[in-house]
> 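Please read through the structure below; I'll follow up with questions.
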Amino acid sequence: MNTFHNGVLIVGGGPVGLALSLVLSKYKIPSLILEARDEPTSKDESRAITWMPRGMEFLEWLGIFSHFNEKGVRRILHQFENQRGKLLGWSFDTLETPYQFSLQLPQHDTEVILEDIARKTGIVEIRRGHKVLGAAQTKDKVTVKVQSKEGSYELSAPLGVGCDGASSVIRGKLGIDKTWRDYGMDSAVADFEMECGLPKNISNIVLDPYRPYGFFYFAPRRWRFIYRINKGESREEATSADFISKLLKERLPDANVRQMLWASAFRLGQGQSHTYRKGRWLLAGDAAHAMGPSAGAGMMVGILGAWRLGWRLALSLKTHKDFSAFLDDYSVEQRVGASEIQNNNALIFRNIAITNLFLAEGRSLLIKTISNLSAIGKKAMEKEALLSQILPVDHSFDQIRPEGSISLKKFGKWVTGKRVPYILEETDFHPLRKMGLEHSLISIGRYQPEEEKRLFADIYKGIAFPVNKDLLIPNKNSKYRNGSQAYIFALVRPDQHIISIFKIK
Ligand SMILES: Cc1cc2nc3c(=O)[nH]c(=O)nc-3n(C[C@H](O)[C@H](O)[C@H](O)COP(=O)(O)OP(=O)(O)OC[C@H]3O[C@@H](n4cnc5c(N)ncnc54)[C@H](O)[C@@H]3O)c2cc1C
């Protein structure tokens, strides 16, 4: 049996496996990706087309955003209509992020860019055409059986991650159960190369109870058309060229269609694994939590999960200490996070399913009413952009409460379990720039540098995992300091989530 020493074995080189290899490479941890397919997702099979702001922050952290920005087209508004006209438009410009848009590009481009950068790191090996048929583990290693054109072989490594998609072999071989939620309906996706009069920088969603549909521009001259497959229509019929052309002609009579690129039918359903960790094996991406295709969040949630997982794997391998509690926390936190998104998706799927005209009218009225409430729009967009997610960290291994301190859920815009707020304009640092494997302790309360440093030395003594030794002290004018009379500290993880906030009188 061959051994892959001191690195992570990743099964599946889709967007999540590739992203994970890049996170690990940031921490100088080698990885080996075994990928069954000879080629990335085909150019014409667009699949995941959306990078949300939180995903772009991840790309910025990796230092590779410009590669995506060069290829992508931007969407700045979400627009919902019914058969009679516009109901609501929610803009990305209310978001507190430098990325006040979503970036659209085909999954093919995402995979090609990630793979190219991963190979250039020199510490990511990608074996295409290598299919994993079996997976197991012992106390100190994971093992796989692999089939390739050159023959079959076995391989072991200290840690393994199954990023092998919704029908994960790894999940199956480990005996991890999955719950499948089915919404009793099919939807279809058809991609076109065409010119039409629709605005390119908004999502054009029409909540028509006879057949809801939407158009999304995602690459030069390329459009995605999504629509519900109605009861009585077969999936084959609803994705045939004749059916789609007729549907398109009815909705966009003036479109100049050059070619249809791809069409496929999908069940509206979502899968959830019962755990994302079993011993030395972890699950990430669709292998852990498969989102329904019509809600468009699967790749993003998976990639953000890889960000949350990467530092934990790196820490375990680098220190040779037992940081398995961190791996358990990944399983719990990411699972709750993914369930939250799935619950949002369930709402979207139920909306797609509405055929009753009376209900549809009620929905239009409701949407029109909330369209005037900017606070609701801001919250909805924060959710969509995956910026507002709060992870359940109360019982996590690194949730520290130093003696004599009082734990806080929140201080200003600093919220336990949430990503760190943007404070770039006010100070000369931001945790997004921190690339280390350590947590960062940030003073956000009373301004008194010497005393803050003394308190930090005390806090540091009680922490069992690496914390950046340079206490981060934003300047005294930072509005987060808020004229506070107490010393307040926030502990931030390498993936920029705030794990604890505590106050020392
Ligand atoms: C039509 C459609 C539209 C979508 N739109 C969006 C969107 O707009 N936004 C979004 O975020 N998500 C979207 N998604 C979801 C998105 O495509 C997936 O969530 C995403 O691809 C998951 O990435 P992954 O790396 O976890 O899994 P996958 O992309 O499925 O990759 C898994 C990889 O593992 C490989 N593999 C599988 N088994 C083995 C094995 N035994 N051995 C070796 N390799 C193996 C596969 O070949 C594959 O390359 C869409 C999906 C579809 C189908």
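Ligands are counted one by one from 1 in listed order, and the atoms in each one are counted from 1 as well.
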> Should you measure from each heavy atom of I49, which atoms of ligand 1 turn up under 4.0 Å away?
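Ligand 1 atoms under the 4.0 Å threshold to I49: 7 (C), 8 (O).
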
> Does V132 reach ligand 1 with a nitrogen or oxygen that is under 3.5 Å from one of the ligand's nitrogen or oxygen atoms?
yes

> Does anything in residues 152-175 form a ring-ring contact (aromatic ring centres under 6.0 Å, His included)? List the pairs, not counting sequence neighbours.
H130-Y153

> At a 4.0 Å threshold, what atoms of ligand 1 neighbour a non-hydrogen atom of M300?
11 (O)

> Say whether F266, considering both its backbone and side-chain N or O atoms, lies within less than 3.5 Å of an N or O atom on ligand 1.
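In this structure, F266 places no N or O atom under 3.5 Å from an N or O of ligand 1.
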
> Which of the atoms of ligand 1 are close to V169, meaning less than 4.0 Å from one of its heavy atoms?
41 (N)

> Would you say ligand 1 has an N or O under 3.5 Å from any N or O of A166?
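For ligand 1, there is no N or O atom that lies under 3.5 Å from one belonging to A166.
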
> Going by the order shown, which atoms of ligand 1 are within less than 4.0 Å of some heavy atom of C163?
32 (C), 33 (C), 34 (O)

> Using the side chain to side chain donor-acceptor pair (under 3.5 Å) rule, take N69 and R74 through it: C-alpha gap first, then chi angles, then the decisive distance, then the call.
CA-CA 9 Å; N69 200 26; R74 295 183 180 197; 3.1 Å; yes

> Could you list the atoms of ligand 1 found under 4.0 angstrom from a heavy atom of G285?
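Near G285, the atoms of ligand 1 are 26 (O).
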
> Does only the side chain of R224 get under 4.0 Å from ligand 1, or the backbone, or both, or neither? Count heavy atoms.
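Near ligand 1, R224 shows its side chain, while the N, CA, C and O stay back.
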
> On a heavy-atom basis, I'd like to know which of M52, R47, Q107 is closest to atom 21 (O) of ligand 1.
Q107

> Among G172, G14, S46, A48, which one has a heavy atom closest to atom 14 (N) of ligand 1?
A48

> Does the ring centre of F225 sit less than 6.0 Å away from the ring centre of F215?
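When the ring centroids of F215 and F225 are compared, they turn out to be within the sub-6.0 Å range.
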
> Tell me, which pairs form a side-chain hydrogen bond (donor to acceptor under 3.5 Å, both in side chains) where one or both residues lie in residues 212-224, sequence neighbours left out?
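Passing the test, one end in residues 212-224: D44-R222, S46-R224.
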
> Would you check whether D286 has a nitrogen or oxygen atom less than 3.5 angstrom from a nitrogen or oxygen atom of ligand 1?
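Right, the criterion is met.
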
> Heavy-atom contact check, 4.0 Å cutoff: does F218 meet ligand 1?
no

> With heavy atoms only and a cut-off of under 4.0 Å, state how L34 meets ligand 1: side chain, backbone, both or neither.
backbone

> For residues E233 and R211, report the shortest heavy-atom separation together with the two atoms involved.
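For E233 and R211, the tightest heavy-atom pair comes out as OE2-NH2, 2.6 Å.
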
> Please determine whether any non-hydrogen atom of H130 lies less than 4.0 Å from an atom of ligand 1.
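So H130 counts as touching ligand 1.
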
> Could an N or O of ligand 1 be found under 3.5 Å from any N or O of V189, whether backbone or side chain?
no

> So for R128, does at least one of its heavy atoms come nearer than 4.0 angstrom to any atom of ligand 1?
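No.
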
> Suppose I only count heavy atoms of W262 and a 4.0 Å limit; which atoms of ligand 1 are within that range?
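Listed by number with element, the hits are 1 (C).
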
> Taking only non-hydrogen atoms of E35, do any sit less than 4.0 angstrom from ligand 1?
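For ligand 1, residue contact (heavy atoms, under 4.0 Å) with E35 is present.
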
> Please report whether ligand 1 has a polar contact with A287, defined as an N or O pair separated by less than 3.5 Å (distance criterion only).
no

> With nothing but distance in play, are any N or O atoms of R37 less than 3.5 Å from an N or O of ligand 1?
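Yes, R37 has an N/O under 3.5 Å of an N/O on ligand 1.
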
> Main chain of D93, side chain of S91: is a donor-acceptor contact present, judged purely on distance under 3.5 Å?
yes

> Of all the atoms in ligand 1, which lie at a distance below 4.0 Å from a heavy atom belonging to G165?
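Going through ligand 1 atom by atom, the ones under 4.0 Å from G165 are 27 (O), 30 (O), 32 (C).
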
> So which of L282, V23, I29 actually passes side chain to side chain contact (heavy atoms under 4.5 Å, CB included) with L313?
L282

> When the aromatic ring centroids of F68 and F65 are compared, is their separation below 6.0 Å?
no

> Polar-atom distance check: A36 versus ligand 1, any N or O pair below 3.5 Å?
yes

> Distance-only, no hydrogens or angles: does the R277 side chain make a donor-acceptor pair with backbone N or O of G279 under 3.5 Å?
yes

